[in-house]
Amino acid sequence: MKYEHKEIEKKWQKYWEENKTFKTPEFDELDKNKPKYYVLDMFPYPSGEGLHVGHPEGYTATDIIARYKRMNGFNVLHPMGWDAFGLQTEQYAVKTGTHPKIRTEECINRFRTQLKQIGFSYDWDREVNTTDEKYYKWTQWIFLKMFNSYFDEKENKAKPISELEIPDNISPQEINKYIDSQRLAYIADEPVNWCPELGTVLANEEVPEQIEKGYTVVRRPMRQWKLRITKYSERLLNDLELVDWPKNIKELQINWIGRSEGAIVKFKIKKNKQDIINPLKDISEYIEVFTTRPDTLFGATYMVLAPEHPLVKEITSEENITSVNNYIENTLKKSELERTELKEKTGVFTGAYAVNPVNDKEIPVLISDYVLMSYGTGAIMSVPGHDKRDMEFALKFNLEIIPVVIPSEFKDKAFKVIADEKKGEIIVSGQGMQEIKDTTDLEKYFEDVKNGRTCFTEEGYSVNSGFITGLKTKAASDRMIKWLEENNSGKRSINYKLRDWLFSRQRYWGEPVPILHLEDGTVKSLDESELPLTLPDIESYKPTGTGESPLASVANWVNTYDKETGLIAKRETNTMPQWAGSCWYYLRFIDPHNDNIFCEKDAEKYWMPVDQYIGGSEHAVLHLLYSRFWHKVLYDLGYVTHNEPFQKLFNQGMILGEDGVKMSKSRGNVINPDAVIEQFGADSMRLFEMFMGPLEATKPWSTEGIAGMNRFLNRVWRLIIDERTGNLKDIICDSEPEKKSQKILHQTIKKVTEDIEDGDMKFNTSIAQLMIMVNELYKHKKLYKEVLEKFLLLIYPFTPHITEELWTRLGNVPSIQNTEWPRYDEELAKADMITVAFSVNGKVRSKAEIEFDTDEHTLEQMAFDDEKIIKHIMGKNIIKIIIVKNKMVNIVAK
RNA sequence: GCCGAAAUGGCGGAAUUGGUAGACGCACUGGACUCAAAAUCCAGCGAGACCUAAAUCUCGUAAGGGUUCGACUCCCUUUUUCGGCACCA
């Protein structure tokens, strides 16, 4: 009887389902004395195309871990669900008129069937679906928690809005406005990323991907919901140290958060050379700039504002109004892409001047689109000598360049250093130096900077900079900040690139935002008891294009009233972005059917954090940053007990087509997992995906490769089953295994155990060892049941179906899952005989088989007795002998 | 441009507290079995030198240099590929 993968796989999948083999007991019934292990996949978006071979790669790895951990006595949580809100389904609805709910269900059913075919050991009773009302009720609930919270700067954490202190100087009319301005979820009326083709706005994090897909993204002012993720910049950055994540993902988040240290400097403004604007009463007396190089302040020769800067209109002088307005208009017309494209710098003069606080020098104020309103203060001081962009701009507009930093190698030529016992070093300018060194290259450097031939942007020593001249960049910056603070002209400041999260979408297929807009103009949240706020049925899913969601047209849904006050109200018609549901799904898996709370606290405390999280790196700054943020809010409010959700993260690599390029329909190189399973079986596919190489590597698919895996499983089958009779092979016996079999077995246990335990996800070497063991057993005349059983246990996490079958055929009771993982004996796992290399001058000249742990002296003797070695050292002087036990002997001879 | 990862046979890959380079699989070649094929089994398989074989030797882990008795592994320089960011002041 041959190995019939189809029959066997169907049989065991049915068995597992009927017996709920992989069910994680409810929290009440759980044996809490056992250690826990939460192993999670990034749940998929169930697209219409179904699963592709990339999905099962990570899922197989987590499945191996889950099965292994269960065998090692852990309570394992290994769930699966659906991230099912999304534009693709909605676009399909627009095209076909099919309700997204129906389409979503179809896709989910397809995905579920496919996943079950691969034999993953999920606890399907915990399946979640982000589009299910029972699920998104809690997504909305968490949103309300954010709406009803503020960020306490002193304690660096979120707190309920009821604890917000209202400053004394706020009038009663303004209180609501003040409260609204502090909420973690708030409405902002600012330029946003508008995508006309999709008919919706996008988060900053989403823009690059959509542009790559060929969509356009323009900046457009709109009233939008935002989440105050920027308040968590520092914690999101610092807490990366607490988690075991790949370096590159941490790096991506660090870059995205983009912390930079520096100072804010206040510049007084003159509308023209004579007047100072409203010096006493107006707050626009100053314009603030952010700089990371306060040490270069003496080199600031002009100031540039972003065209959208609110003070531009105020400071522009009469004669410059036309050109300034034209420029602003042109900028606003540009898309985000055009705006950030590197091109020749443009800009116009406002007619105003700023006063440099350190030397009272008047410098012109210009506007240019290379300064972004969204970063820092939207204004910069320009130091063209030491900033490339400023240099480029200065050369084009013929602005002054002053060198204020020199590279370290010029230090001795520029300064004379006199040691002083009390004050350390006193620096005297180069002009007064007694021993004048050749300073021509220093002078050339100054000339080059002034002429724009050189732009030195690195750290060095300050020159031409008054009280900081002679100081190293770091010290000069500190000294400057101190001066600014003493003179009320600025302060130390830390800036982040991270922006608040644009959280609303003008689409139908998302969680409705549970907010009412009352007739008196106030904004009010629904009561928790009113959740879920469900999506109404609708005529057309088409985006309106006006920036309003299709929900706006459902009058009987939109128009309502406030139960508390009786005021007429309109519902918020924006929905939440796709990322919302995935921000907390890992918590719902812990307690998926609870109607009273999103996740019961004791259960949360037991299961969290996720011990191992596996998914693609495309979520590095989207899902992984957003969910960390939500988790921290929930942590601050006391709903979860851990600061970070995902302790250990691993990114699987991409699987390419057989031609070595990314799989795509247009290239026709897409591999369909259904066809692979049909031909070779799920076990072969699982085994092959793990054998292709380390999990994180990007590697091409190979049909011939998977045929090889199938061949191997056939070999495993025939090792135990006699194909002619269908019975066990005659050479299998019950007696105590002899040493040769024990040896290979224990070596294999050791290798596989260590490979799974070390977390490197290099299962290719475990499989190689399993193959070596099979090859070895084929050479044996006698097979021992015990050895075969342990072999099955070892390969079980990789290929569960065939092993369940062989396990029962060897006379055992299913499921093999309930058997303990085998232990190895270190002594038995050691090799008896080992090959050592004898080399002369580092070149291997001979080898010998010897007993393991043969002592150094014997090794040396053997080397000198070796004929080939004698040949190579004859007539030479022995200079040195290096002996490494169990490895080699090297003789150095001349 | 900046940051990160990587480069080993025909292919996927293995080997690092520095110690036999190429485990394991694929492809390929030869043989056995067969009327034949498939399947299976056995053997070979980095390049080169000597007519052939064995033996032996030389070269070989992107390129060049260095440290060392000994380097895929450590250090410096360069090239290429992939991923990310990109006027972030």
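The figures that follow rest on heavy atoms only: side chains count, while hydrogens, waters and symmetry mates do not. Protein chains get the first letters and strands the later ones, always in sequence-line order, with residue 1 at the start of each.
Among the atoms of the strands shown, none is found under 4.0 Å from any heavy atom of A:Asn495. Using a 4.0 Å heavy-atom distance criterion, A:Met888 is classed as a base contact. Within the 4.0 angstrom heavy-atom criterion, only backbone atoms of the sugar-phosphate kind lie near A:Met709; the bases stay farther away. Within the 4.0 angstrom heavy-atom criterion, only backbone atoms of the sugar-phosphate kind lie near A:Ser260; the bases stay farther away. Nucleic acid contact class of A:Lys497 (heavy atoms, under 4.0 Å, all strands): base. Within 4.0 Å (heavy atoms only), A:Arg845 reaches sugar-phosphate atoms of the nucleic acid but no base atom. No contact: A:His386 has no heavy atom under 4.0 Å from any strand. Counting non-hydrogen atoms under 4.0 angstrom, A:Lys868 reaches the backbone sugars and phosphates but no base. Contacts of A:Arg715 with the nucleic acid, taken as non-hydrogen atoms under 4.0 Å apart, involve only primed sugar atoms and P, OP1 or OP2. Using a 4.0 Å heavy-atom cutoff across all strands shown, A:Gly376 reaches no nucleic acid atom at all. Residue A:Ile882 is in base contact, counting any heavy-atom pair closer than 4.0 Å across all strands shown.
Classified by its glycosidic torsion, B:G46 falls in the anti category, the angle being over 90° from 0.
Between the side chain of A:Lys345 and the base of B:C87 there is at least one donor-acceptor pair of N/O atoms closer than 3.5 Å.
Taking the centre and axis of the six-membered ring of A:Tyr286, the NZ or CZ atom of A:Lys266 falls inside the cone set by 45° and 6.0 Å.
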Test side-chain hydrogen bond (donor to acceptor under 3.5 Å, both in side chains) on A:Asp866 and A:Ser846 and set out the steps. CA-CA 8 Å; A:Asp866 191 291; A:Ser846 183; 2.7 Å; yes
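Taking the side chain as every heavy atom from C-beta outward, A:Met381 and A:Leu297 approach each other to under 4.5 Å. Side-chain atoms of A:Met303 and A:Leu305, non-hydrogen and from C-beta on, do get closer than 4.5 Å to each other.
Secondary structure note: stems in RNA chain B built from 3 or more consecutive Watson-Crick or G-U wobble pairs under 3.5 Å occupy B:1-7 with B:79-85, B:10-12 with B:24-26, B:28-32 with B:40-44, B:46-49 with B:56-59, B:62-66 with B:74-78.
Remark: P of B:G83 and CD1 of A:Ile249 are 14 Å apart, rounded to the nearest angstrom.
For an aromatic pair to be called close, the ring centres must be under 6.0 Å apart, and A:Tyr302 with A:Phe393 satisfies this.
Side chain of A:Lys762, nearest nucleotide from B:U58, B:A14, B:G19: B:A14.
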